[in-house]
Colleague: 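I have a structure I would like to understand better, so I am pasting it below and will then ask my questions one at a time.
If you read the sequence from its start, that first residue is 1, and numbering goes on from there. Remember, it's 1-based here, ligands and their atoms both numbered in the order they're listed.
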Amino acid sequence: MKIFILINTIIINCSILFSIVYSEKEFYSILGVSESATTNQIKKAYRKLAKELHPDKNIDDPNSGEKFQNLGAAYEVLSDPDKRKKYDDCGIECVKKEGMMGTADPFASFFGDFFHFSSSSDSGDQKEIPRGGTIHMDVFVTLEELYNGNFIEITRNKPVTKEAKGTRKCNCRQEMVTKQLGPGRFQMMQQTVCDECPNIRFVNEEKTLEFEVEPGMKDGQETKFVAEGEPHMDGEPGDLILKIRSLPHPIFERKGDDLFTNVTISLQDALVGFNMNIEQLDGRKLLIEREKITWPGAKIKKKGEGMPNYENNNIRGSLIITFDVDFPKTQLSEEDKLAITKILNQKSTQKTYNGLHT
Ligand SMILES: *[C@@H]1O[C@H](CO)[C@@H](O)[C@H](O)[C@H]1NC(C)=O
């Protein structure tokens, strides 16, 4: 509960903080991004810093609230293209003049993962807090998104509790009570005992969650958004669990961090060599050059052109290309047959074997 008091103080301080004069282009340095950073880079930088700078993780730093607030202000402006343009044109004063500032809740857990650190840690001897249900949701992503990373916006109509008139029974529990039935006779029985709490009602509020598809994430990988699940009258909301579902790709197949693709080439290219481009998942053209003969089933391996590894994006898998040769279907003239025989000059050999057991 400490955290809520902290939030309140910070929200009250909001107006004071926003009146601090930020120096020119300071928001970019707060987020540690360049002025040409993309929105995705800004979101990524914010997500990382928000986890590091969250006041709950920096209890010893008296300025942690202010730092986090500044980070929130920088994010609010730079993540919104309209506000960012205003900011680039003429600084924070312009953004404020337009009344665009301070509309976002600085503590909204956009990214689900840096908010509720403390809610479960101080529950030592207390009775278990009831929780709302966990919501599971599949998020379908392309292989390009898993290669490059992306942010996915999820708009969620979330029931939130608001105070309502009157009171309601809450914290109900079973207690033993004794009743005297007569001289020397008692009855013990169980009874439901409740407290009176202020009444609440659920109101739907639209909330935007930002889900980061991190480079190298795998099919089936889950990300938890704490407290974004079903609400609970007498307790805390459950969690929202998002599960990555990778969509099939027209060119590549993924196994672990390796990518596989098939290329069909002509018989002529197979014999004399060729070069071609394959479009990589980030749009780069990969040049594939062969001077040697390429037989059906030949594989080439391009190291470092696979998927980025999830734990360490600098490590990448390989791209493995398997070739298939498209033989001409038209018949050759006697003359052509002779010419080819002369060029290839191969012995006429036929080997019969059981292909399933080799
Ligand atoms: C390549 O071809 C093989 C054999 O037909 C197939 O099993 C595999 O799925 C193909 N790979 C891709 C990436 O299309």
Colleague: Please determine, by modelled atom types, if Glu144 and His249 share a side-chain donor-acceptor pair under 3.5 angstrom.
Modeller: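 The criterion, which ignores hydrogens and geometry beyond distance, is satisfied for His249 and Glu144.
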Colleague: List the atom pairs, with distances to 0.1 Å, where a side-chain N or O of residues 318-335 and a protein N or O form a donor-acceptor pair under 3.5 Å, not counting sequence neighbours.
Modeller:
{"from": "Thr322", "atom 1": "OG1", "to": "Lys299", "atom 2": "NZ", "distance (Å)": "3.4"}
{"from": "Asp326", "atom 1": "OD1", "to": "Lys329", "atom 2": "NZ", "distance (Å)": "3.2"}
{"from": "Lys329", "atom 1": "NZ", "to": "Phe327", "atom 2": "O", "distance (Å)": "3.2"}
{"from": "Ser333", "atom 1": "OG", "to": "Asp336", "atom 2": "N", "distance (Å)": "3.1"}
{"from": "Ser333", "atom 1": "OG", "to": "Asp336", "atom 2": "OD2", "distance (Å)": "3.2"}

Colleague: Considering only the SG atoms, does Cys197 lie under 2.5 Å from Cys170?
Modeller: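 The sulfur gammas are closer than 2.5 Å, so yes.
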Colleague: How would you list all residue pairs meeting side-chain hydrogen bond (donor to acceptor under 3.5 Å, both in side chains) that involve residues 268-294, not counting sequence neighbours?
Modeller: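 For residues 268-294: Tyr147-Arg284, Gln280-Glu305, Asp282-Arg284, Arg284-Glu305, Arg290-Thr294.
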Colleague: Suppose we measure from atom 13 (C) of ligand 1 to each protein heavy atom; which comes out shortest, and what is that distance?
Modeller: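 Protein heavy atom with the smallest distance to atom 13 (C) of ligand 1: Phe260 O, 3.3 Å.
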Colleague: Is atom 7 (O) of ligand 1 touching the protein, meaning some protein heavy atom lies under 4.0 Å away?
Modeller: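 Neighbour list for atom 7 (O) of ligand 1 is empty of protein heavy atoms (cut-off 4.0 Å).
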Colleague: Heavy-atom contact check, 4.0 Å cutoff: does Ile251 meet ligand 1?
Modeller: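 Ile251 counts as a contact of ligand 1 under the 4.0 Å cut-off.
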Colleague: Less than 4.0 Å from atom 4 (C) of ligand 1, is there any heavy atom belonging to the protein?
Modeller: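 No; the ligand atom in question lacks any protein heavy-atom contact below 4.0 Å.
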Colleague: Relative to Tyr46, does Lys43 satisfy both conditions: NZ or CZ under 6.0 angstrom from the six-membered ring centre, and within 45 degrees of the ring's axis?
Modeller: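 Judged by the rule (NZ or CZ under 6.0 Å from the ring centre, within 45° of its axis), Lys43 is not positioned above Tyr46.
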Colleague: Do Gln221 and Tyr310 come within less than 4.5 Å of each other through their side chains, counting heavy atoms only?
Modeller: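 With C-beta onward as the side chain, the pair touches.
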Colleague: Select one of side chain, backbone, both or neither to describe which atoms of Thr322 lie under 4.0 Å from any atom of ligand 1, heavy atoms only.
Modeller: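 None of Thr322 does.
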Colleague: Going by the closest heavy atom to atom 1 (C) of ligand 1, which one wins out of Val263, Ile321, Asn262?
Modeller: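 Answer by nearest heavy atom: Asn262.
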Colleague: Within ligand 1, which atoms have a heavy atom of Glu253 less than 4.0 Å away?
Modeller: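 Counting atoms of ligand 1 from 1, those under 4.0 Å from Glu253 are 8 (C), 9 (O), 11 (N), 12 (C), 13 (C).
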